Amino acid sequence: MRIEQLQQLLKIVEMGSMNRAAEDMYMARSSLSASMKNLEWELGEAIFCRNTKGVTLTPFGRDVYDQARTICGRIDFLKGSCGDKQEPVNLSVASMYCSLANDAFVELYSRYKGKEFTGSIEECTINEAIRMVAGGFCEIGIVTLFSDSENIALHRIEEAGLSFTRLADRRLCAIIGPKNPLYHQKREQTELFDLREYPYVVNYASPSDFTLEKLLDGRRRKRAEIQVSDLGCALRLIESTDAVMVDTYDKETYETFYAPNQLRFIPLADAPLACKLGWIRSREKSVSSVAAEFIAIMEEKIEKSNL
């Protein structure tokens, strides 16, 4: 049992809704629900009655609530008497798979080390990111838009009461390993037509694959498609075979994940898609200072990565 769980319980009762409590604490609703279920499992009895109208306290839950209020009140008193009370730092981010967002989140946490920091980064699809930010489960979302579906995505963002801000344009590259003949040609760029001879690795951890898979189908691929859901497996396949993968490029990701495997990024000269990395937020709410700091960290990393 953690103090945070008792504080979450108090917030749910105060707000009268798990959804509103999650929004107020900048948490994903699923994370808050999981935390409460873990607390119930540890105590061995249900705290909430759950139904389509929301949640209410069970008789046992009312006892737990009374004790949680006493415990948290005493902790607040002790903090105040020590003169060291700090406002908690909260940030929840919905992110299409983006290593820059992950790195920025780690750096943000390191800046607040030793302070009361509560946060989460939820990896998801663009539709899930829109839903979580619009529903208040996450304060901001990091998304990638592809030119063939950009207008549709922007329409959904607008309909959800959100705004999109561009961070950077991203380059599409072919990723190849030493076993691929293109690797040793030392070419500075390649074309999609050149890739049709080789197995294509579909990495469903990457937001780009649905679109790029359709593009390669249009080039009448001669070799098989290999489907994976793990980046490590995809890299191993590319390193050990002549398989290829297409993805966006950023310097830090390359140095961390790809360079140790002796893989190469070759820009696509005929890439028919433009890719935009950006972030979404509610138009009705001001962005917190910690969210603004997170975006500033991302902008610094983008500048260093030479996207």
Side-chain angles (χ1 to χ4, degrees), residues 95-103 106 121 123-126 128 142-149 168-277 301-302 304-307:
S95 173
M96 291 174 66
Y97 181 80
C98 177
S99 62
L100 287 171
N102 295 338
D103 292 342
V106 171
I121 183 163
E123 293 188 345
C124 57
T125 65
I126 186 169
E128 290 169 338
I142 305 299
V143 299
T144 299
L145 305 185
F146 294 91
S147 56
D148 70 331
S149 56
D169 294 326
R170 310 200 75 180
R171 291 178 288 169
L172 287 175
C173 299
I175 308 170
I176 60 175
K179 299 293 180 67
N180 189 297
L182 299 177
Y183 186 92
H184 302 286
Q185 294 179 17
K186 302 297 182 183
R187 56 174 67 189
E188 295 184 358
Q189 59 185 17
T190 190
E191 297 181 355
L192 284 168
F193 183 83
D194 299 327
L195 307 181
R196 70 191 186 106
E197 301 287 338
Y198 310 107
Y200 179 63
V201 177
V202 179
N203 173 24
Y204 287 111
S206 169
S208 62
D209 268 308
F210 175 73
T211 296
L212 297 174
E213 187 178 352
K214 291 190 297 182
L215 290 175
L216 288 175
D217 281 339
R219 298 312 193 272
R220 296 182 180 179
R221 280 179 291 167
K222 294 183 178 180
R223 299 287 295 278
E225 172 187 292
I226 305 171
Q227 300 182 4
V228 300
S229 59
D230 176 75
L231 180 59
C233 180
L235 299 185
R236 181 62 176 164
L237 280 168
I238 297 170
E239 179 187 20
S240 304
T241 71
D242 61 350
V244 300
M245 185 167 74
V246 177
D247 207 343
T248 52
Y249 169 84
D250 70 73
K251 184 179 178 182
E252 288 190 5
T253 299
Y254 178 82
E255 291 176 347
T256 302
F257 294 106
Y258 298 95
N261 297 74
Q262 297 183 321
L263 306 184
R264 289 185 59 206
F265 273 72
I266 304 179
L268 288 172
D270 62 342
L273 293 177
C275 307
K276 290 181 183 176
L277 176 68
K301 291 185 175 295
I302 287 169
K304 291 178 182 177
S305 297
N306 190 30
L307 288 182

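Just so you know, these numbers use all the heavy atoms, side chains as well, and skip hydrogens, waters and symmetry mates. Throughout, residue positions are numbered sequentially from 1 according to the sequence presented. Just so you know, these numbers come straight off a predicted model, no measurement behind them.
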Query - Residue from Leu277, Thr144, Leu145 passing side chain to side chain contact (heavy atoms under 4.5 Å, CB included) with Met96 - result: Thr144
Query raised in the report: Which heavy atom in Met245 sits nearest to a heavy atom in Ala234, and how many Å separate them?
Result: SD-CB, 4.1 Å
**Report entry** Residues which pass salt bridge (charged side-chain N to carboxylate O under 4.0 Å, His left out) with Glu123, listed by chain and number, not counting sequence neighbours
**Finding:** none
Requested in this report: State, with a plain yes or no, whether a side-chain heavy atom of Leu182 is found less than 4.5 Å away from one of Tyr198.
Outcome: yes
**Report entry** Cys233 side, atom SG; Ile238 side, atom CD1 - distance, nearest 0.5 Å
**Finding:** 10.0 Å
Requested in this report: Check whether any side-chain heavy atom of Lys179 sits under 4.5 Å from a side-chain heavy atom of Thr241, and report yes or no.
Outcome: no
Query - Minimum-distance pair of heavy atoms, taken over all atoms of Gly177 and Leu263 - result: CA-CD2, 3.6 Å
Report task. Might you point out which heavy atoms bring Cys173 and Pro267 nearest each other, and give the distance in Å? Result -> SG-CA, 3.8 Å
Query raised in the report: Is there a side-chain contact between Ile121 and Ile142, using heavy atoms and a 4.5 Å cut-off?
Result: no
Report summary line: Distance col, row Asp169:CG vs Ser147:OG, nearest 0.5 angstrom, shows 10.5 Å
Report task. Find the distance between CG (Leu235) and CD1 (Ile175) and round it off to the nearest 0.5 Å. Result -> 7.5 Å
Query - Distance in Å, Arg171 CZ paired with Gln189 CD, rounded so as to fall on 0.5 Å steps - result: 11.5 Å
Query raised in the report: Which value, rounded to the nearest 0.5 Å, describes the distance between Ile176 atom CD1 and Gln185 atom CD?
Result: 8.0 Å
Query raised in the report: Would you say the side chain of Leu268 lies within less than 4.5 Å of the side chain of Thr190, judging by non-hydrogen atoms?
Result: yes
Requested in this report: Could you tell me whether the side chain of Asp242 reaches within less than 4.5 Å of the side chain of Tyr183, counting heavy atoms only?
Outcome: no
Report task. Could you tell me whether a side-chain N or O of Asp194 sits under 3.5 Å from a main-chain N or O of Glu191, the two making a donor and an acceptor? Result -> yes
